[in-house]
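Keep in mind it's a predicted model, so treat the numbers as computed, not measured.
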Amino acid sequence: MAKIIPFKAIRPKKGLESKIAALPYDVYSREEAKEVVKREPLSFLRIDRAETQFDDSVNTYADCVYEKARDILWDMVREEQFITDKAPYYYIYELTMNGRSQTGIAACASVDDYMNETIKKHENTREDKELDRICHVDVCGAQTGPIFLAYRSNEIINQVVDKAKKREMLYDFVADDGVRHRVWVIDEKEDMETIEKAFSSMNSIYIADGHHRCASAVKVSLKRRKANPDFTGEEEFNYFLSVLFPDDQLMIMDYNRVVKDLNGYNEEEFLEKVKENFIIEPFERTSPSHKGVFSMYLGNTWYKLIEKEELHSEDAVDGLDVSVLQKYLLKPILGIDDPKTDKRIDFIGGIRGLAELEKRVATDCKVAFALYPTSIEELFRVADEGRLMPPKSTWFEPKLRSGLFIHSI
């Protein structure tokens, strides 16, 4: 029984939305974030990455950085660059990239649903990354980046969304990367009750992207519950900002790998080792066409790797292409025991294309692997079994913008 509720959004004043909305904080390096803020002084990265307001001598995680984020956020509210809606609503958030659209509902999800695993995860989080967002949310008193949730498509919700999209839009803009963002409000009582009831009939909702933001929001909630032992469960800190999308509208892109050396092998020796578990064929410069096939770039040449039949597994985790590559090539041949910590491997989102893999091999790496994307069905199956995917298994596009919706706690 999922509890997905409307909320009073703090959102950009009409006309400022395209200036404020920014990609998630964790897609940028510090230097890249500084450049964005330099180009657009109202960018939400001023808040999400407030170290951009200091010189490089100030530590990214210093107390003054989080305090600066808080001050900028609430100054913008006081100056009415952000407005606060008068009542709780649901919001429709549509993203269109390369002619393909996906439409979600911005709402608040229940911390208790996360803890009782009605909201399911598929990857582990790192404590250091959690700590940053815990401090950010706690000091700001607000959740500033939505968690990307997925659910199995529901016709009742679809009908309400379709109805609301015929009304006047709150926002409609195209970002610098060409992604179009459109927002509507669902403020009719009957429609809001229909949505809340439809979600309450669901036994499972899934974290697609934003595991660290979600875990951090939950830990801030637990901290505030401890500080307020008489809490009722209805306080805003018991919920976290989310955008929920139906599974049939989502696109997962490939999440590719580059490795900096061949673990002591020369190219010929390496190919011979790979042949133990994979059929190798010359390949044109293209991404894999189906599951069980990998594209490998080595020595200015593309190869097709096909997993041998005996490697095939019906297991939810072992059967993933990312698991096959790790278990039968990266670990035994290249010596990558733990891809989370090994500095010899790097991960490249599919949005960057094959050219980025070629570039890395030409500069600081020896071999690259392009994978067939993990499917949403595979993600759901792993999460339903209460298991975890290998790191860097999914890359979702387009990315939700931060700063369009803020949830005060």
Novice: Can you establish whether the number of heavy atoms outside Lys392 located under 6.0 Å from its atom NZ is more than 12?
Specialist: no
Novice: Look at Glu358 together with Arg285 and state whether they make a salt bridge at an N to O cut-off of under 4.0 Å.
Specialist: yes
Novice: For the CD1 atom on Ile280, are there more than 12 heavy atoms of other groups (residues, nucleotides or ligands in this structure) within a distance under 6.0 Å?
Specialist: yes
Novice: Between atom OG1 of Thr374 and atom CE of Met389, what is the distance when rounded to the nearest 0.5 Å?
Specialist: 5.5 Å
Novice: Check this for me: Lys366, atom NZ, are more than 12 non-hydrogen atoms of other residues, nucleotides or ligands nearer than 6.0 Å?
Specialist: no
Novice: With no hydrogens and no angle check, is any side-chain donor or acceptor of Thr96 less than 3.5 Å from a backbone partner on Gly99?
Specialist: no
Novice: With a 3.5 Å cut-off and no angle check, do the side chains of Thr60 and Arg30 form a donor-acceptor pair?
Specialist: yes
Novice: Can you give me the closest heavy-atom contact between Thr194 and Val160, atom names plus distance?
Specialist: CG2-CG2, 3.8 Å
Novice: Quick one: does any side-chain atom of Glu235 pair with a main-chain N or O of Phe237 as donor and acceptor, under 3.5 Å?
Specialist: no
Novice: Side chains of Val179 and Met97: does their closest heavy-atom pair fall under 4.5 Å?
Specialist: yes
Novice: Rounded to the nearest 0.5 Å, what separation is found between the CH2 atom of Trp74 and the CZ atom of Phe82?
Specialist: 10.0 Å
Novice: Does any part of the side chain of Val322, heavy atoms only, come nearer than 4.5 Å to the side chain of Tyr255, both counted from C-beta?
Specialist: no
Novice: For the residue pair Tyr91 and Phe7, is the inter-centroid distance of their aromatic rings smaller than 6.0 Å?
Specialist: yes
Novice: Counting only heavy atoms not in Lys291, do more than 12 sit closer than 6.0 Å to its NZ atom?
Specialist: yes
Novice: Is a side-chain N or O of Ser216 found less than 3.5 angstrom from the main chain of Glu130, in a donor-acceptor match?
Specialist: yes
Novice: Does Arg387, at its CZ atom, have more than 12 non-hydrogen atoms belonging to other residues, nucleotides or ligands within less than 6.0 Å?
Specialist: yes
Novice: How long is the straight-line distance from SG of Cys135 back to CG of Asp63, given to the nearest 0.5 Å?
Specialist: 7.5 Å
Novice: If every non-hydrogen atom of Ala164 is compared with every non-hydrogen atom of Ile186, which pair is closest and at what distance?
Specialist: CB-CG1, 3.8 Å
Novice: Checking Tyr171 side chain against Pro12 main chain: does a donor-acceptor pair fall under 3.5 Å?
Specialist: yes
Novice: Using only atom types and a distance under 3.5 Å, with no angle test, would you say the side chain of Asp254 pairs donor to acceptor with the backbone of Asn256?
Specialist: no
Novice: Hey, is the main chain of Cys365 close enough, under 3.5 Å, to the side chain of Arg360 for a donor-acceptor pair?
Specialist: no
Novice: So how far is it from Arg100 CZ to Leu95 CG, rounded to the nearest 0.5 Å?
Specialist: 9.5 Å
Novice: Whether the side chain of Gln143 engages the backbone of Leu241 through a donor-acceptor N/O pair (distance < 3.5 Å, no angle test) should be reported.
Specialist: yes
Novice: Taking the six-membered ring for Trp and the single ring otherwise, decide whether the centroids of Tyr61 and Tyr66 are under 6.0 Å apart.
Specialist: no
Novice: For side chain to side chain contact (heavy atoms under 4.5 Å, CB included), just list the numbers for Ile348 and Leu357, CA-CA rounded to whole Å, side-chain angles, deciding distance to a tenth of an Å, and then say yes or no.
Specialist: CA-CA 8 Å; Ile348 311 294; Leu357 301 185; 3.9 Å; yes
Novice: Is there a side-chain contact between Cys108 and His407 (heavy atoms, below 4.5 Å)?
Specialist: yes
Novice: Are a donor atom and an acceptor atom from the side chains of Gln159 and Asp162 found within less than 3.5 Å of each other?
Specialist: no
Novice: Could you walk me through whether Asp48 and Thr144 satisfy the side-chain hydrogen bond (donor to acceptor under 3.5 Å, both in side chains) test, starting with their C-alpha distance in whole Å, then the side-chain angles of each, then the deciding distance to 0.1 Å, before giving a yes or no?
Specialist: CA-CA 7 Å; Asp48 256 357; Thr144 59; 2.9 Å; yes
Novice: Shortest non-hydrogen contact from Pro398 to Gln102?
Specialist: CD-OE1, 3.7 Å
Novice: Can you name the nearest heavy-atom pair linking Ala50 to Val65, along with the distance?
Specialist: CB-O, 3.2 Å
Novice: Would you name the heavy atoms of Thr118 and Asn203 that are closest together and state the gap between them?
Specialist: CG2-O, 3.5 Å
Novice: Does one side chain, of Arg224 or Asn238, offer a donor that lies under 3.5 Å from an acceptor on the other?
Specialist: no
Novice: Side chains of Ser313 and Asp315: do they bring a donor and an acceptor to under 3.5 Å?
Specialist: no
Novice: What distance do Ile72 atom CD1 and Glu67 atom CD have between them, rounded to the nearest 0.5 Å?
Specialist: 12.0 Å
Novice: In the structure I gave you, are the side-chain heavy atoms of Leu325 and Glu307 within less than 4.5 Å of one another anywhere?
Specialist: no
Novice: Could you measure the distance from the OH atom of Tyr151 to the CD1 atom of Ile4? Nearest 0.5 Å is fine.
Specialist: 10.0 Å
Novice: Tell me whether Asp176 at atom CG has more than 12 heavy atoms from other residues, nucleotides or ligands lying less than 6.0 Å away.
Specialist: no
Novice: Centroid separation under 6.0 Å, is that true for the rings of Phe278 and Tyr328?
Specialist: no
Novice: Assign the ring pair Phe380 / Tyr206 to parallel, tilted or perpendicular, where the plane angle (0 to 90°) is split at 30° and 60°.
Specialist: parallel
Novice: Quick check on side-chain hydrogen bond (donor to acceptor under 3.5 Å, both in side chains): which of Lys165, Gln249, His181 does Glu94 satisfy it with?
Specialist: Lys165
Novice: I'd like to know if the side chain of Asp364 and the backbone of Lys260 have a donor-acceptor N/O pair within less than 3.5 Å.
Specialist: no
Novice: Answer yes if the ring centres of Tyr297 and Trp302 are under 6.0 angstrom apart, and no otherwise.
Specialist: yes
Novice: May I ask you to say whether Asp26 pairs ionically with Lys399, meaning some side-chain N is under 4.0 Å from a carboxylate O?
Specialist: no
Novice: Report yes if some heavy atom in the side chain of Met76 is under 4.5 Å from a heavy atom in the side chain of Ile10; otherwise report no.
Specialist: no
Novice: With a 4.5 Å limit on heavy-atom distance, are the side chains of His212 and Arg133 in contact?
Specialist: no
Novice: Please check if the number of heavy atoms outside Glu79 that lie under 6.0 Å from its CD is greater than 12.
Specialist: yes
Novice: Please tell me whether Ser153 and Asp248 have a donor and an acceptor in their side chains that are separated by less than 3.5 angstrom.
Specialist: yes
Novice: Pick one: which of Phe240, Tyr93, Phe245 meets ring pair (Phe, Tyr, Trp, His ring centres under 6.0 Å) with Phe148?
Specialist: Phe245
Novice: Answer yes or no: are there more than 12 heavy-atom neighbours, outside Asn98 itself, under 6.0 Å from its atom CG?
Specialist: no
Novice: Would Arg381 and Glu385 satisfy salt bridge (charged side-chain N to carboxylate O under 4.0 Å, His left out), going step by step from the backbone distance to the final call?
Specialist: CA-CA 6 Å; Arg381 184 183 172 200; Glu385 292 186 9; 3.5 Å; yes
Novice: Are Ile333 and Asn277 packed together at the side-chain level, in the sense that at least one heavy-atom pair is separated by less than 4.5 angstrom?
Specialist: no
Novice: Decide side chain to side chain contact (heavy atoms under 4.5 Å, CB included) for Val58 and Asp55; before the verdict, give the C-alpha distance in whole Å, the side-chain angles of both, and the deciding distance to 0.1 Å.
Specialist: CA-CA 6 Å; Val58 176; Asp55 63 49; 4.2 Å; yes
Novice: Does the pair Lys163/Asp191 count as a salt bridge with the N-to-O cut at 4.0 Å?
Specialist: yes
Novice: I want to check something: taking the side chain as every heavy atom from C-beta on, are Leu305 and Glu281 in contact at a cut-off of under 4.5 Å?
Specialist: no
Novice: Between Ser204 and Lys120, does any side-chain donor sit less than 3.5 Å from a side-chain acceptor?
Specialist: yes
Novice: Compute both the distance and the angle, then confirm whether Arg182 meets the cation-pi test with Phe173: under 6.0 Å from the six-membered ring centre, within 45 degrees of the axis.
Specialist: no
Novice: Taking Ala87's backbone N and O only, do any of them form a donor-acceptor pair with Asp85's side chain (distance below 3.5 Å, no angle check)?
Specialist: no
Novice: Can you name the closest pair of heavy atoms from Ile157 and Ala198 and give their distance?
Specialist: CG1-CB, 3.6 Å
